[in-house]
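Below, chains carry the letters A, B, ... as their sequence lines are ordered, and counting in each starts from 1. Atoms considered below: every heavy atom in the structure, side chains included; atoms not considered: hydrogens, waters and symmetry mates.
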Amino acid sequence: MTKLFKLFWFSFLSIFLVSCVQTQEIEDIGIINAGGVDSTKDDSIETTLVIFDFSSLSDNMTQIITGTGKTLGGATEDAELSSINRLVPGKIKLTLFGEEMAKQGILPYLDMQTRDARVPDMMYLAVGRPTAKEILNVDESEISKDVGQFLHDIIENHSTDHNVPRKSLQDFLRIYYDIGQDNVLPIFEVQEKTPKQIGIALFRGDQMIGQLTNDDIMLINLMDRVVKDKVFELTLPIEPFKDFFEKIEQPHNRNDLDLAFFIQKGKSKTKLVDIENLIFETNTKIQFRLIEQSASVKLTEPKVIEILENEIEKNMEERFNKLLKKLKDYGSDPFGYGRYYKRTREGKDLTVEEWREKYPNIEVKFNVEVELIRHGATD
Amino acid sequence: MEINLSIKKGQRIRAYYLFFVIIGIQIGVGFLSAPRYIFEKAHQDAWVSIIVAYLFMILVTKVMFVILSRYENTDIFGIQVHVFGKWFGTLLGIVYLLLFTSELLSLLLSYNEVVQVFIYPTMPSFVMPILLLILIVYSVLGGIRIVIGVVFLFVIMSPWFFPLLYDPITRMESAHFLPLFEASVVDLLKGAQTTSYSFFGLEILFIIYPFIDNKEKAKRPTYLGLTTSALIVLVTTIISIGYYSPNDFDLLDWPVVSLFKSVAFSFMERFDYFIIAEWMMVVIPTAILLMWAIVHGTERIFQVQQKVTLYVVAAVLLVLCTFINSIVDIQKVTDFVTTFGFWIIFVYPFVLLPLVLLKTKRKVSKEVRK
């Protein structure tokens with residue numbers, strides 16, 4: 001009898017407790033895959049959501065809906081009205097901010113997304129030009145994928161060869177809250193019917209304040225981590241190589257030597273040399289492989305290689321200095337020099353405002369050391 | 001009440017199970033939020049605080065062993081009655097029972113809260129506690145051997161997910177730890193006190209000691225268990241400090257769960273959901289041991305039948321869990337347990353030690369110790 005009683009209780013509870021949990025059948029929910037946030041003229045925000053709708057009978061599983069509201073939650077709620085399904089945020093892979101929105105500051109929208117534990121931390125952030133809506137509304141037959149996945153894959157696949165800054169929500173917030181470093185995000189624009197990364201958005205705090213070129217990201221990445229497998233091009237003056245041409249007729253007369261390299265391995269070390277005057281020293285070491293040259297310079301002689309290496313070093317140092325100057329003018333520190341100051345005893349109480357004040361006065365000595373380790377299958 | 005217990009041969013356990021008992025009871029829900037609270041007090045030197053807390057914990061355990069070894073075979077209830085007399089001793093015994101009950105309550109509330117925030121926001125608050133309490137009651141009904149068996153299995157089966165933290169480890173920022181040794185001694189001690197919350201459960205030694213078969217070997221597994229759980233807390237705290245920005249850290253309620261948010265596989269996008277469900281296996285050993293201590297303690301003090309206490313306590317806890325809903329109230333319960341527990345678990349043994357030494361020396365030593 002007691003056994004029967006136990007069995008009864010067990011089945012009773014199992015059956016009835018099930019109803020306490022909110023059910024989420026896949027046909028009844030719309031899974032948000034990517035979202036866009038834009039500002040509208042009347043100070044509210046417009047959200048564009050790419051959702052997977054598994055209940056639809058058509059071939060096209062994705063559906064794009066928009067909504068407006070004062071908060072992101074409100075706008076999503078509004079967008080939900082045009083979808084037959086309940087929207088769930090558990091699989092958002094990408095959030096795109098319209099350029100206007102990014103210039104106003106994106107932290108309030110990020111806050112909503114971290115507060116909601118269901119939003120994944122690993123979704124990528126990017127900026128859309130001119131609006132996120134335009135990027136997300138791109139014709140999907142052109143890219144043969146849904147646009148959210150497409151943009152996510154661009155960031156994911158290209159970030160390994162360091163063309164695109166890959167910033168997840170968590171990365172962005174960590175850098176935002178860390179004193180002495182600023183964020184960069186990729187900017188997308190629709191070109192020839194497909195979204196393409198056209199530059200790097202430079203942030204100061206949570207506001208976008210400027211744009212860098214796609215090349216600059218490599219210099220920033222070189223500071224931050226080990227760069228591998230990255231192609232980059234460089235133009236050097238031809239003057240120093242005059243004596244080392246192959247003894248053939250030059251194809252055409254040029255003033256520059258255009259080179260393309262493949263970075264085998266590049267990394268940097270930064271030291272704070274002088275705390276009083278904020279003088280930093282960044283030593284960058286790059287091993288590279290030559291893959292292309294415009295003039296036929298003979299690479300067999302050790303002297304040529306030495307000259308080549310010296311010229312590249314000079315060129316790179318110049319580029320670093322130029323970029324730093326530009327960054328100082330913007331007052332944004334994506335290199336993260338503030339971190340090196342903050343970790344010392346003198347700088348431990350550094351605040352954001354103090355660093356913004358000090359940053360334009362810092363001095364950095366860039367020492368680049370390159371090493372040519374291969375020059376392809378020909379000399 | 002008899003001061004010394006005689007435990008039947010079939011009810012005794014081998015000493016090495018203490019290793020699992022200690023880990024099982026120490027790692028619970030508090031662990032999920034521990035790094036944040038330690039960080040709040042000691043900042044980037046939080047890891048020093050954990051080491052300080054660990055050393056202190058070892059000292060407390062040593063004291064507990066000294067106290068226990070003065071008697072032939074007894075637990076804290078017997079010792080207190082012997083030292084303080086029948087009335088006051090019983091009263092202190094009740095304090096211990098209250099501590100266990102409030103720890104269990106705080107555990108159920110916090111776990112329920114995590115589940116509600118992360119997975120099922122609309123689920124009524126009584127569902128999770130009912131499910132847990134069914135398991136707890138079922139296990140405790142089996143007696144000490146079943147309790148230890150469950151603890152053993154779950155402690156062995158649950159830690160496989162720690163290697164998944166490799167992902168946050170690769171995203172750590174070394175600058176978060178610098179400059180080193182900035183926190184003042186006071187801050188470090190405060191941090192150590194906060195850490196003690198994750199080390200609660202140590203007091204189970206006072207209760208389970210008479211059940212150990214080969215007492216001479218009890219020390220090593222205990223210290224090993226303490227070291228393991230301290231290491232777990234230490235490693236996750238270090239990862240959290242590196243992974244989260246210092247200014248962002250104190251905004252997170254469960255940093256350890258959020259660490260797992262960055263782990264994703266192609267077959268499982270959101271690992272944190274899985275971790276929370278899996279965490280039930282970490283919570284169960286803690287809950288079962290606490291419940292067993294309550295039931296066994298009540299029987300020792302009041303000679304109440306174990307089943308009666310078990311059902312009554314489970315029902316009371318269920319009712320409390322249903323009505324304590326808001327985060328503010330849950331925080332109040334946790335705060336109460338933290339302060340109350342700290343004094344009972346980490347300070348009280350030092351008060352008890354000289355009294356026990358005096359008392360056992362004076363007259364009873366011959367009768368009691370034999």
Side-chain angles (χ1 to χ4, degrees), chain A residues 6 9-10 13-14 16-24 31 33 88-93 107 110-111 114-123 156 168-181 224-225 270 336-352, chain B residues 43-44 113-131 133-134 137-138 141 167-168 170-183 242-254 257-265 269-273 276:
Chain A
K6 269 184 197 163
W9 267 105
F10 184 71
L13 283 169
S14 328
F16 286 96
L17 279 178
V18 169
S19 63
C20 292
V21 172
Q22 197 183 1
T23 54
Q24 303 197 329
I31 297 170
N33 189 39
V88 290
K91 201 184 176 304
I92 306 182
K93 293 217 133 184
L107 190 70
L110 300 181
D111 174 70
T114 38
R115 200 166 286 280
D116 188 346
R118 291 172 305 161
V119 177
D121 268 6
M122 297 318 288
M123 71 173 180
E156 174 109 344
S168 67
L169 176 62
Q170 209 281 327
D171 296 330
F172 189 93
L173 285 173
R174 200 205 76 213
I175 293 175
Y176 172 80
Y177 283 112
D178 264 0
I179 292 161
Q181 199 178 9
D224 207 39
R225 50 190 143 171
T270 298
Y337 282 111
R339 290 177 299 168
Y340 296 98
Y341 181 60
K342 170 99 175 145
R343 67 170 68 167
T344 60
R345 240 155 245 282
E346 287 78 1
K348 66 177 203 288
D349 298 322
L350 186 75
T351 62
V352 187
Chain B
H43 300 282
Q44 71 264 40
E113 198 195 342
V114 181
V115 172
Q116 282 186 341
V117 169
F118 276 84
I119 310 182
Y120 297 120
T122 55
M123 190 177 66
S125 332
F126 64 85
V127 178
M128 217 58 227
I130 275 201
L131 291 172
L133 281 166
I134 289 175
V137 168
Y138 180 58
L141 276 177
D167 191 83
T170 56
R171 293 156 191 273
M172 278 165 69
E173 168 73 58
S174 60
H176 292 165
F177 295 94
L178 298 168
L180 291 173
F181 307 115
E182 270 304 310
Y243 185 69
Y244 300 110
S245 170
N247 302 305
D248 180 23
F249 203 170
D250 37 2
L251 305 175
L252 290 163
D253 282 334
W254 297 281
V257 183
S258 299
L259 281 183
F260 284 102
K261 267 181 115 173
S262 78
V263 183
F265 294 107
E269 183 81 20
R270 295 294 303 279
F271 223 82
D272 46 329
Y273 284 14
I276 291 164

Peer 1: Given heavy-atom pairs under 4.5 angstrom as the criterion, report whether the side chain, backbone, both or neither of B:F118 touches chain A.
Peer 2: both

Peer 1: Out of curiosity, A:R343 CZ to B:Q44 CD, how far, rounded to the nearest 0.5 Å?
Peer 2: 12.0 Å

Peer 1: Using the test side-chain contact (heavy atoms from CB on, under 4.5 Å), find all partners of A:V88 that sit at least two apart in sequence or belong to another chain.
Peer 2: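 In terms of side-chain contact (heavy atoms from CB on, under 4.5 Å), with neighbours along the sequence ignored, A:V88 is linked to A:Q24, A:I29, A:I31, A:R86.
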
Peer 1: Quick one: CG on A:D178 to OH on B:Y244, what's the gap to the nearest 0.5 Å?
Peer 2: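 Rounded to the nearest 0.5 Å, the CG-OH separation comes out at 13.5 Å.
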
Peer 1: Can you list everything that forms a side-chain contact (heavy atoms from CB on, under 4.5 Å) with A:D121? Sequence neighbours excluded, please.
Peer 2: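 A:D121: side-chain contact (heavy atoms from CB on, under 4.5 Å) contacts with A:L169, A:Q170, B:K261.
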
Peer 1: Check whether A:V119 gets within reach of chain B through its side chain, its backbone, both or neither, counting any heavy atom under 4.5 Å.
Peer 2: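 Only the backbone of A:V119 comes within 4.5 Å of chain B.
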
Peer 1: Do any N or O atoms from the side chain of A:R174 and from the backbone of B:M172 form a donor-acceptor pair under 3.5 angstrom?
Peer 2: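 No: the side chain of A:R174 does not pair with the backbone of B:M172.
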
Peer 1: Side chain of B:R270, backbone of A:G90: donor and acceptor closer than 3.5 Å?
Peer 2: yes

Peer 1: Sort B:Y243 into side chain, backbone, both or neither according to what part of it lies under 4.5 angstrom from a heavy atom of chain A.
Peer 2: both

Peer 1: Which atoms of B:L180 are under 4.5 Å from chain A, going by heavy atoms: the side chain, the backbone, both sets, or neither?
Peer 2: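 The backbone, not the side chain.
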
Peer 1: What part of B:F177 gets closer than 4.5 Å to chain A, counting heavy atoms only: side chain, backbone, both or neither?
Peer 2: neither

